[in-house]
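Working notes, structure below.
Sequence lines set the chain letters: A, B, ... in the order given, protein chains first and strands last, and positions in each chain run from 1. Every value quoted in this text rests on a predicted model; they were computed, and no experiment measured them.
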Amino acid sequence: MSSSKNASPAKKQTTLNFGGSSTAPEQPTLSSFLSGGKDQKKDKKGDKENDQMEVDKPELKEDLETVAAEDKKRKRPNIIVDSSDDDETDDEAEDLSHNMEHSKISSQTIVEKSTPTPTPAPAKKLKREEVKSEDVEVKDEPHNIASEEDEDEEIQQAKEEEEADERQKKEDKAVAKKLASVFTKSTKLEPETSWKKGEAIPYSALCKTFELCEGTTKRTEITTYMVKLFKQVIELTPDGLLELLYLCINKLCPDYEGLELGIGETLLMKAVANSTGRSMDKIKSDYRDTGDLGLVAKNSRGAQRTLFAAKKLTVPFVFKTLRTIAKISGQSSQAQKIANISKLLVACQDSEAKYLIRQLEGKLRIGLAEQTILSALAQAVVLTNKGMHYGGSKLSEAQREQAFTKAVEIVKAVYNQLPCYDMIIPALLKYPIEDLADHCKMTPGIPLKPMLAHPTKALTEILDRFENRRFTCEFKYDGERAQIHRLEDGKTTVYSRNSENMSGRYPDVMEKVAQWVAPETTSFILDCEAVAWDREKKCILPFQVLSTRKRKDVKEEDIKVQVCIFAFDCLFLNGESLLQKPLSERREKLRAAFVETEGQFAFARHMDSNVIDDIQSFLDTSIQGNCEGLMVKTFDGEEASYEPSRRSRNWLKVKKDYLTGIGDSLDLVVIGAFHGRGKRTGVYGAFLLACYDQDKQEFQSICKIGTGFSEEALQTHHDFLQEHVIGRPRRDYLVGPNAEKPDVWFSPVQVWEVLAADLSISPAYMAAVGEIDKAKGISLRFPRFIRIRDDKKPEEATSSEQVADFYRRQSGNTSGGGLEQVGGTGVDDDFEY
Amino acid sequence: MLEARLQQAKLLKSLLEAIKELVTECNFDCNDSGIALQAMDNSHVALVALLLRSDGFDPYRCDRNLPLGLNLNNLNKILKCAGNDDILTLKADDGGDTLSMVFESKDNDKICEYDLKLMDIDSEHLGIPDTSYDAIVHMSSAEFQRICRDLQQISESVKIEATKEGIKFSGEGEVGNGSITLKQNANVDNEDEATKIELQQSVSLTFSLKYLANFTKATPLSTRVTLSMSNDVPLLVEYKLDNLGYVRYYLAPKIGEE
């Protein structure tokens, strides 16, 4: 109770009010409002308890004071009637009538003061983010459809994924063990915030947990926090579990329904400005300093007061509003979005604003992986299972541990087959966890995450890996992964590798699926690659051609780029899951159930010989056929099953790039940069590079680069380049009309050596414009910084002519002929074909 | 059930113009004494309270409390179909899910009937305490609108200072600053133009002009406006409707930034 005691004497002189004495309870409506204040107070008490727990953490202690001060500063006073306490209303009314002229400010400020929230100071937070930030700084160029990774990085990434996988398993076990022991000691899991049984989950409960997760990098701890939260929800408000879970993974629905957040920064800043009355300039400069809009929103002290305190946010309300925001489209959608966001922001307390903004941005950045959530969910379900008495002595510690581990395995396995919480959560709450798999089965219409292959550098690696085992090689088609589903009733859908519904992109495929199916085939899930196809020459076209296809609402009559589907796996056929069957059997079934149609549907070419010479020549054939390389897969036995969503070593990929290297590097001039975010706050996060056109004497933009920099390198570049910032692009800089404008421009002073995977035509860049395409330039795919070329002057950088040569030399662009037909003026015929 | 007949549709049309920028959805609470509305904007910075007393309608009938949840944009679409001089009748059944509107042109040869779907709006009624204000300024509503519009050209917010001498509106922006002072005067010739100040104590408050400009959408409803102020208390801007009720706006003041 200490908090309310502290608050009340202070309040006497600080409650800002209409000045009248009518806070008396004769107004029933008002007292109903006041009861909200009472709840608030109760909550504060709860916080207080937590705070005491928190203080034990030494690293937080030091921050408490600063935070208390900060919090006090930040809070917007509510004016008309604030969180006055119910039982004190009468006294207060009397008081007020005595001192009517007495100027008062909100009581909330004071309550706040006495109960500091243990938020670490911003500086500290940033450091933590550095460690954990999983965001990739620079996005792929917009014209790449499927985001393939830079090759070395890809291998690196695969390795990391594998390690992460291992780690996850170990950690799951560790958590299971921890929880098991926690319960033998019959220690209670202390909930962070509580609410009444059956009531809507307060959003603050979720944000408190987010805060705890953000405060640690240990996954076991994060899992434990999540288990606590889920357990509490299952016990108090099981109906809210699904919405809570979606907020945890920051999604609004299963991926295939395609409803996404990811509100633009500007819009969010406008909303923050709108709801706090601060100016856009101030918010922008704060954002530049912290790199985190969430923090900016949290720390935005309002210049504008409010009338009545808003109702506390609840999980269902936040979720519903987020969905509404995501659905808003069309006329005045911006204003509507801002209005809805303001509605949420105005009700935010403590750290709620921070996480709310991050949810709106589409990135939570608290190191909460979906796998962690799955295992936390499974363990929370075990903990709340009424059949087991975990406080008692019925089960030994080892048995408990086993129960946890098993539950995690079950939930993860089920999720792999049916990645749809809408179906899993209700089943989890209804049936015993052991039976979950019987109630949640793979279903056509619900896309699974495809199995991924491990990259390899040499053919010998394959032999090492698959020694004494049967394996098979398939062409690795250079297109877009597609999962084709057909339900019993004939409904067909095409999904991308990220489970997005691509039916709108492939109406031609949807139309024809029925023709490829054998008569006895009813329902299926096919794993395929959609590849651009030249109908006249009857050959495969490179990926760049496919990427010129419109992405949404394609009309069949407008299609210029034809697509051929190459099927290589079948996961589900005629009501039966084939995941556990070996590839040999799956392939057999695939071939029996479908019919090839020339130029539309084909089975992936394969070769089952395990002799290295054969593989080499098969690889050569595939590359000649405009494919990327080979997929090598285990053919028989248990390891030949289909493992959804895993990058498995049972599938290896050999890409031509890995074998031949990337070719020559380019020397390019730095002409601009983008401010960094997240762990790159304070330095430049990415740079704009240009090549030099010697005839026209101009620098032509070629790519945005953000890969290959060490932290020190970024600092060095920042220190050096900020000396050369210029107010506007020089007149000899040629930047495309559709280009993303960098935040700062530089004089041409430094040349960098850069490697890239590939070159492509892009409307956003201007390198060698007019050489290949009249209006579009050439860009680099996956550029990577190698070193600074101090020995070269900017005018000695790689010339546009050289860039054009590189482009022509790319094998895909000479044999396929996909893009060259648009070529025009100034093309040197010697280089064509 | 509700049945309310209004001689001029124009009144309701103007009322809607006066509130729809601030609020998109809200409940019209109907009871035997009249129709009332109360709603805050999304940011909880401004509140609008509207009252239409039953004696302003002829006839008026409402037996029991009946909240009509309406989307104001949709209501506005329908009201646009009414002529300014049409006779407007509102009808709603207890527990029904529509609001019926009938527009009859004066010479009675045209009748339009529209039904608007009602919605469930969860709104808590906020008790606004009666306050005795330190400064109450009565002035021409057109003048107030003009002042807000002019200052909005240069500034985002306006400082309002009321003293014995008069009322001063001032704004400051990147391009410069400006102020308008109205002296207390009892213009006998034209009562609508007069500026009257009832002052207990001088006040000085700052408000967002965006909201004030929004409030002045109610100008066509009344030639006079009343600004009631006390330091650190929300501003009350009131437009009285002849014999019928009022539109009141409350606005929380701004405090110095950083």
Residue [X] excluded, over 12 heavy atoms near [atom1] under 6.0 Å:
X: E156(B); atom1: CD; result: no
X: K168(B); atom1: NZ; result: no
X: E172(B); atom1: CD; result: no

Item to check | Spatial distance of atom CZ (F317(A)) from atom CG (D122(B)) [nearest 0.5 Å] | outcome: 9.0 Å

Checklist entry - When rounded to the nearest 0.5 angstrom, what distance separates NZ in K343(A) from OG1 in T24(B)? => result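 OG1 of T24(B) is found 7.0 Å from NZ of K343(A).
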
Item to check | Expected output: side-chain N42(B) to main-chain A339(A) donor-acceptor under 3.5 Å | outcome: yes

Next on the checklist: I'd like to know if the side chain of H44(B) and the backbone of L307(A) have a donor-acceptor N/O pair within less than 3.5 Å.
Outcome noted: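 Side chain of H44(B) to backbone of L307(A), a donor-acceptor pair under 3.5 Å: no, none is there.
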
Item to check | Audit row: L251(B), R305(A), side-chain contact (heavy atoms from CB on, under 4.5 Å) steps and yes/no | outcome: CA-CA 9 Å; L251(B) 179 62; R305(A) 296 183 178 180; over 6 Å; no

Item to check | Candidate pair N274(A) and S43(B), rule side-chain contact (heavy atoms from CB on, under 4.5 Å), full reasoning | outcome: CA-CA 8 Å; N274(A) 194 30; S43(B) 308; 4.3 Å; yes

